[in-house]
Amino acid sequence: MLQIQAIRDRKDEISSALKKRGIAAEEMLNQVLQLDEKRRATQTQLDATLAESNKLSKEIGMLFKSGKGQEANVLKEKTVKLKEDTKRLGDALQMATSELQGLLYQIPNVPHEKVPAGNSEDDNEEVFQEGTIPTLNEDALPHWELAKKYDIIDFELGVKITGAGFPVYKGKGARLQRALIAYFLDKNTAAGYTEMQVPHLVNEASGLATGQLPDKEGQMYHVTADDVYLIPTAEVPVTNLLRDDILNENEFPICYTAYTPCFRREAGSYGAHVRGLNRLHQFDKVEIVRVEHPKNSYQALDGMVDHIKVILRELKLPYRILRLCGGDLGFTSALTYDFEVFSTAQDRWLEISSVSNFETYQANRLKLRFKDERGKSQLAHTLNGSSLALPRVLAGILENYQTPDGIKIPEVLVPYCGFDTIT
RNA sequence: GGAGAAAUGGCAGAGUGGUCGAAUGCGGCAGUCUUGAAAACUGUUGAGGGUCACACCUCCGGGGGUUCGAAUCCCUCUUUCUCCGCCA
């Protein structure tokens, strides 16, 4: 959620930056300012009314104490009208506040100056590419064929026990997945991220604070009996660990990593692009989350990107980095880099990580602040990234490492797997 | 799931209708003393709205109510603790 003060100070700047998302926000922002003014005017009136009745109440108290009950009763009558005003103004204030809030919820984050304009993924900007794309045999298979051939992932079994998009990993497939999780966590903790294990269900307040609610209910599984949501990403519980906190400046940076399953309804997805591991309702992911001083957050973002580069380099997977354009940028993000692994057998790039700086957008909803050197509360910056998402990394490994003799295991994973080939 | 008790500032903990945004202690910060530190002493120390700055307003788990006036009384929800039940 954008800060009202920011809109008051830099409306035109914000409005033109939002154009990169293809959003004409001018009118909405004007409406925000109007509502804000109304809200403040109402607040001022209410405060004055309350001040007066506070004063009267004190006088009444003193009169009663000194036995002047009659005078007190005269004053009491005066409070009747004040009470009515208080009620009316209080209702008006509440209405203005929630209207304002509702409007602010609809305005996405302001794109960073580096964000290219554009409407679709075609306008994303490739900023880096590394690794060699292997030359495979003519009979090279996509990962869903490999999964069947070597009996390491069973999609039909998942359908039987749950439904489409809930695969069952078997034998060496399960072990490889566990190896990847352990390897990612080890890399992240070695880089200074504290490993956390968090709940996989969150309440409504958490969903609101990181921006999954109120608009994206459809993406999350909702357990209505207990009114909790299955997490779509570890970002939600991990970032919410710091909800309502006021940090000291010297606590920065806060760096967490967590492995969790992620649950996404993915309503409306279909077709070849969702085959196999490409898009699932349940998948595993290791996430990194940072909370930073505003002046350091972009340096931190670069650091996260570099960190993920190292991992992909070690896995020897060909990958590229995209800077997302305004149209492809997530609602809450100011700047996002996507990592994509090239899947040779499918002949396409697969997104495996998304690294974002949310600046104060999430922090504003989270009420995640810090005390600056003057002792004033300021919003912190939040960032997160996948490090990494499992299924497509797995798909990339299976496809790129396939040989006539079986699937080779990347060297760094062999100690975690306990075998070097899947046959 | 059943019965009972509780929820107050960073922490501990007083406060059961008015002058309480809240005693006191600890912790934090600043100062005095000291070569320096400790101890001692003095001062200061919650969040949000509002204002150029004050004033002023709101917040004692959340929501609602009674009252001229609520941390304090009532209703409700949530959470924690104790006992019972169930159980990895």
Side-chain angles (χ1 to χ4, degrees), chain A residues 1-9 32-101 103-104 197-209 213-214 222-229 237 240-252 254 261 291 360 363-380:
Chain A
M1 186 162 68
L2 296 180
Q3 296 174 85
I4 296 189
Q5 194 57 50
I7 298 175
R8 276 202 248 167
D9 294 344
V32 166
L33 290 180
Q34 229 176 322
L35 272 170
D36 177 50
E37 223 160 285
K38 186 171 149 196
R39 201 213 88 231
R40 277 182 295 149
T42 312
Q43 172 95 256
T44 306
Q45 280 184 57
L46 176 63
D47 285 357
T49 311
L50 284 171
E52 204 177 330
S53 58
N54 284 345
K55 215 175 88 191
L56 279 176
S57 292
K58 275 183 190 167
E59 283 175 31
I60 290 170
M62 290 199 302
L63 287 174
F64 271 126
K65 265 206 171 147
S66 52
K68 298 174 184 162
Q70 284 192 336
E71 289 177 49
N73 281 325
V74 174
L75 287 184
K76 261 196 192 181
E77 279 167 35
K78 286 170 80 173
T79 64
V80 173
K81 187 183 175 306
L82 286 176
K83 240 187 150 180
E84 284 168 11
D85 289 350
T86 304
K87 178 97 177 75
R88 180 174 53 80
L89 288 165
D91 289 347
L93 179 66
Q94 198 169 22
M95 212 190 301
T97 306
S98 68
E99 212 178 323
L100 182 60
Q101 172 111 327
L103 201 56
L104 283 171
Q197 289 196 6
V198 292
H200 301 163
L201 285 87
V202 294
N203 57 29
E204 187 185 20
S206 295
L208 280 170
L213 296 172
H222 187 189
V223 182
T224 49
D226 296 291
D227 200 21
V228 288
Y229 297 84
N240 270 284
L241 294 172
L242 297 163
R243 172 147 50 90
D244 292 325
D245 271 8
I246 301 179
L247 305 164
N248 287 317
E249 272 191 298
N250 58 21
E251 291 179 74
F252 290 124
I254 291 177
V291 179
T360 59
N364 195 24
R365 289 203 198 174
L366 288 157
K367 295 203 184 65
L368 170 49
R369 294 151 292 172
F370 69 95
K371 289 270 186 215
D372 65 19
E373 64 276 5
R374 297 182 326 239
K376 296 264 277 180
S377 292
Q378 261 192 64
L379 293 175

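Lettering of chains follows the sequences in order, A, B, ..., and the numbering in each one begins at 1. These numbers come from the heavy atoms of this one structure, side chains and all, not from hydrogens, waters or symmetry mates.
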Rounded to whole angstroms, how far apart are [atom1] on [X] and [atom2] on [N]?
X: A/Glu37; N: B/G49; atom1: CD; atom2: P; answer: 17 Å
X: A/Asp226; N: B/U78; atom1: CG; atom2: P; answer: 11 Å
X: A/Asn364; N: B/G48; atom1: CG; atom2: P; answer: 12 Å
X: A/Asp244; N: B/G9; atom1: CG; atom2: P; answer: 14 Å
X: A/Leu46; N: B/G49; atom1: CG; atom2: C1'; answer: 11 Å
X: A/Leu82; N: B/C56; atom1: CG; atom2: P; answer: 17 Å
X: A/Leu56; N: B/G18; atom1: CG; atom2: P; answer: 19 Å
X: A/Asn203; N: B/C77; atom1: CG; atom2: P; answer: 18 Å

How far does the [atom1] atom of [N] sit from the matching atom of [M], given to the nearest Å?
N: B/A3; M: B/A71; atom1: C1'; answer: 28 Å
N: B/C59; M: B/A70; atom1: C1'; answer: 13 Å
N: B/U16; M: B/C84; atom1: C1'; answer: 32 Å
N: B/A53; M: B/G48; atom1: P; answer: 15 Å
N: B/G17; M: B/G4; atom1: P; answer: 25 Å
N: B/C60; M: B/G21; atom1: C1'; answer: 9 Å
N: B/U44; M: B/G9; atom1: C1'; answer: 15 Å
N: B/G49; M: B/A39; atom1: C1'; answer: 43 Å

Pairwise 5' ranking along RNA chain B for A/Lys87 and A/Val80, keeping only the more 5' one: A/Lys87
Closest-nucleotide 5' rank along RNA chain B - winner of A/Gln43 and A/Gln94: A/Gln43
Derivation and outcome, side-chain hydrogen bond (donor to acceptor under 3.5 Å, both in side chains), residues A/Asn54 and A/Ser57: CA-CA 5 Å; A/Asn54 284 345; A/Ser57 292; 5.6 Å; no
So [Y] and [X], do their side chains get closer than 4.5 Å, heavy atoms only?
X: A/Leu2; Y: A/Asn364; result: no
X: A/Leu213; Y: A/Tyr229; result: yes
X: A/Thr79; Y: A/Ile60; result: yes
X: A/Asp227; Y: A/His222; result: yes
X: A/Asp244; Y: A/Leu366; result: no
X: A/Leu104; Y: A/Ile7; result: yes

Distance-only donor-acceptor test (3.5 Å): side chain A/Asn54, base B/G69: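 No such pair is found, so the answer is no.
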Within the structure shown, what part of the strands sits under 4.0 Å from [X] by heavy-atom distance: base, sugar-phosphate, or nothing?
X: A/Ile60; answer: base
X: A/Ser377; answer: sugar-phosphate
X: A/Thr79; answer: sugar-phosphate

Taking OP1 and OP2 of [N], is either one under 4.0 Å from a side-chain nitrogen or oxygen of [X]?
X: A/Arg369; N: B/G48; result: yes
X: A/Lys55; N: B/C68; result: no
X: A/Ser53; N: B/G69; result: no

Residues, nucleotides or ligands: over 12 heavy atoms within 6.0 Å of A/Glu251 CD: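 For A/Glu251, atom CD is crowded (more than 12 foreign heavy atoms under 6.0 Å).
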A/Lys38, A/Arg39, A/Arg88 screened by side-chain contact (heavy atoms from CB on, under 4.5 Å) with A/Leu93, the one that passes: A/Arg39
Options B/A47, B/G69, B/G49, nucleotide nearest the side-chain atoms of A/Ile246: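 In terms of side-chain proximity for A/Ile246, the closest of B/A47, B/G69, B/G49 is B/A47.
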Of the listed nucleotides B/U58, B/U51, B/C68, the one nearest the side chain of A/Arg40: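 The closest nucleotide is B/U51.
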Stem segments of RNA chain B by first residue number [Watson-Crick or G-U, under 3.5 Å, at least 3]: B:1-7 with B:78-84, B:10-12 with B:24-26, B:27-32 with B:40-45, B:46-49 with B:56-59, B:61-65 with B:73-77
